[in-house]
Amino acid sequence: MDRTLARAEPRLAADAAAQRALPIDEGLHSDDDIRRLDATYGKPRHTPHPAARAAATLAFTVLLFLLGAQLTYLYRVEIARDLPGLRTVLSAACAHAGCTVPYPRDADRIAIDSSDLQSEPGRPGHYLLHATLNNRADYPQQWPHLELTLTDAGDNPISRRVLAPSDWLPAGQVAPAFPARNVVGLRIPFAAPGLAPTGYRIYAFFP
């Protein structure tokens, strides 16, 4: 046998024995091996402490509740409009928070279907306005204000007045809001001494 080969075999055997004798941790926890394993399989997941996980869950729940409360406050009118059954609950909650839940104010859905202005016989300067007010919305609304403008023969305004709901609501009308798809007949007497109107304009609005 070649002497060189004979000397190499004991050396190889010794190197193999030395490698087998190395602690397992020394081969697995070198920086190069860790980086190679992380690149291949991803970094091992870190399991949070149960107390930290519980605190994070509690914080998330509180933040979610606060967000829900804020959104409910901001959109309380829309929620009460679309879900009328929740109006009582929202109003009770607002009573504790110092807010209110007003009814919608959609003037485009309120129309004056007909109107007529007459002077009262035997009472110069006194007039009587008849009108029919219609809430065409599918939900109750706040009672609107009315603006009445008296005009002359040239359709120029000579007098204008704004009527709050308390000025024109029919006697006995106790509804807190203008019911959905509802019509209300108005009879509004008023005085305009010294004027001789020949026409008028009237419309509903929300101030």
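Fair warning: this is a prediction, and the values are worked out from it, not measured in the lab.
Residues Phe190 and Leu128 do not share a hydrophobic cluster, clusters being chains of Ile/Leu/Val/Met/Phe/Trp/Tyr side chains in contact below 4.5 Å. Transitive grouping of hydrophobic side chains (ILVMFWY, heavy atoms separated by less than 4.5 Å) brings Leu129 and Ile110 into a common cluster. In the hydrophobic cluster analysis, where Ile, Leu, Val, Met, Phe, Trp and Tyr join through side-chain heavy atoms closer than 4.5 angstrom, Tyr127 is grouped together with Ile202.
Residues Ile158 and Pro197 are in side-chain contact: their nearest non-hydrogen atoms beyond the backbone lie under 4.5 Å apart. Pro102 has its side chain within reach of Gln142: a pair of non-hydrogen atoms, C-beta onward, lies under 4.5 Å apart. Contact annotation: the side chain of Phe205 never approaches that of Pro144 to less than 4.5 Å [non-hydrogen atoms, C-beta and beyond]. You'll find the side chain of Pro165 reaches within 4.5 Å of the side chain of His145, heavy atoms only. Side-chain contact between Asp155 and Arg201: present, with at least one pair of heavy atoms (C-beta onward) separated by less than 4.5 Å. Side-chain atoms of Leu148 and Val162, non-hydrogen and from C-beta on, never get closer than 4.5 Å to each other. In this structure the side chain of Glu147 never reaches within 4.5 angstrom of the side chain of Pro207, judged on heavy atoms. Inter-residue side-chain proximity for Tyr73 and Gln70 is flagged as unmet; no heavy-atom pair is nearer than 4.5 Å.
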Show the numbers, then the answer: is there a side chain to side chain donor-acceptor pair (under 3.5 Å) between Asp106 and Tyr139? CA-CA 10 Å; Asp106 189 358; Tyr139 42 83; 3.2 Å; yes
Pair Thr72-Ile79, side-chain contact (heavy atoms from CB on, under 4.5 Å): steps then yes or no: CA-CA 8 Å; Thr72 301; Ile79 294 173; 4.2 Å; yes
Walk me through whether Tyr203 and Thr149 qualify under side chain to side chain donor-acceptor pair (under 3.5 Å). CA-CA 9 Å; Tyr203 75 98; Thr149 302; over 6 Å; no
Go through it in stages, so that I can follow the logic: the residues are Ile188 and Leu146, the test is side-chain contact (heavy atoms from CB on, under 4.5 Å), and I'd like the CA-CA distance, side-chain angles, deciding distance and then a yes or no. CA-CA 11 Å; Ile188 307 173; Leu146 301 177; 4.1 Å; yes
Salt bridge (charged side-chain N to carboxylate O under 4.0 Å, His left out) evaluation trace for Arg136 with Asp113: CA-CA 11 Å; Arg136 297 176 177 174; Asp113 289 343; 3.0 Å; yes
Go through the steps to decide whether Leu195 and Asp152 satisfy the test side-chain contact (heavy atoms from CB on, under 4.5 Å), and finish with yes or no. CA-CA 9 Å; Leu195 298 178; Asp152 59 15; over 6 Å; no
Evaluate the side-chain contact (heavy atoms from CB on, under 4.5 Å) criterion for residues Thr132 and Val184: first the C-alpha distance (whole Å), next the side-chain angles of each, then the deciding distance (0.1 Å), finally the verdict. CA-CA 6 Å; Thr132 301; Val184 175; over 6 Å; no
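Between Arg109 and Asp138, no side-chain nitrogen of the basic residue sits less than 4.0 Å from a carboxylate oxygen of the acidic one, so the salt-bridge criterion is not met.
With Thr151 contributing its side chain and Gly199 its backbone, the two residues share a donor-acceptor pair below 3.5 Å. In this structure, the side chain of Glu120 does not engage the main chain of Gly122 through any donor-acceptor pair within 3.5 Å.
Here the closest non-hydrogen pair linking Leu74 and Glu78 is O-OE1, 4.2 Å. Taking both residues in full, the closest heavy atoms of Asn135 and Ala180 are given as ND2-CA, 3.7 Å, listed atom of the first, atom of the second, then distance. Residues Ile112 and Ala131 approach most closely at CG2-CB, 4.4 Å, considering heavy atoms.
With Tyr103 as the aromatic partner, Arg87 meets the cation-pi criteria of under 6.0 angstrom to the ring centre and within 45 degrees of the ring axis.
Under the rule for a salt bridge (Lys or Arg N to Asp or Glu O under 4.0 Å), Arg187 has no partner lying at least two apart in sequence or in another chain.
Relative orientation of the Trp168 and Trp143 rings is perpendicular, given thresholds of 30° and 60° on the angle between their planes.
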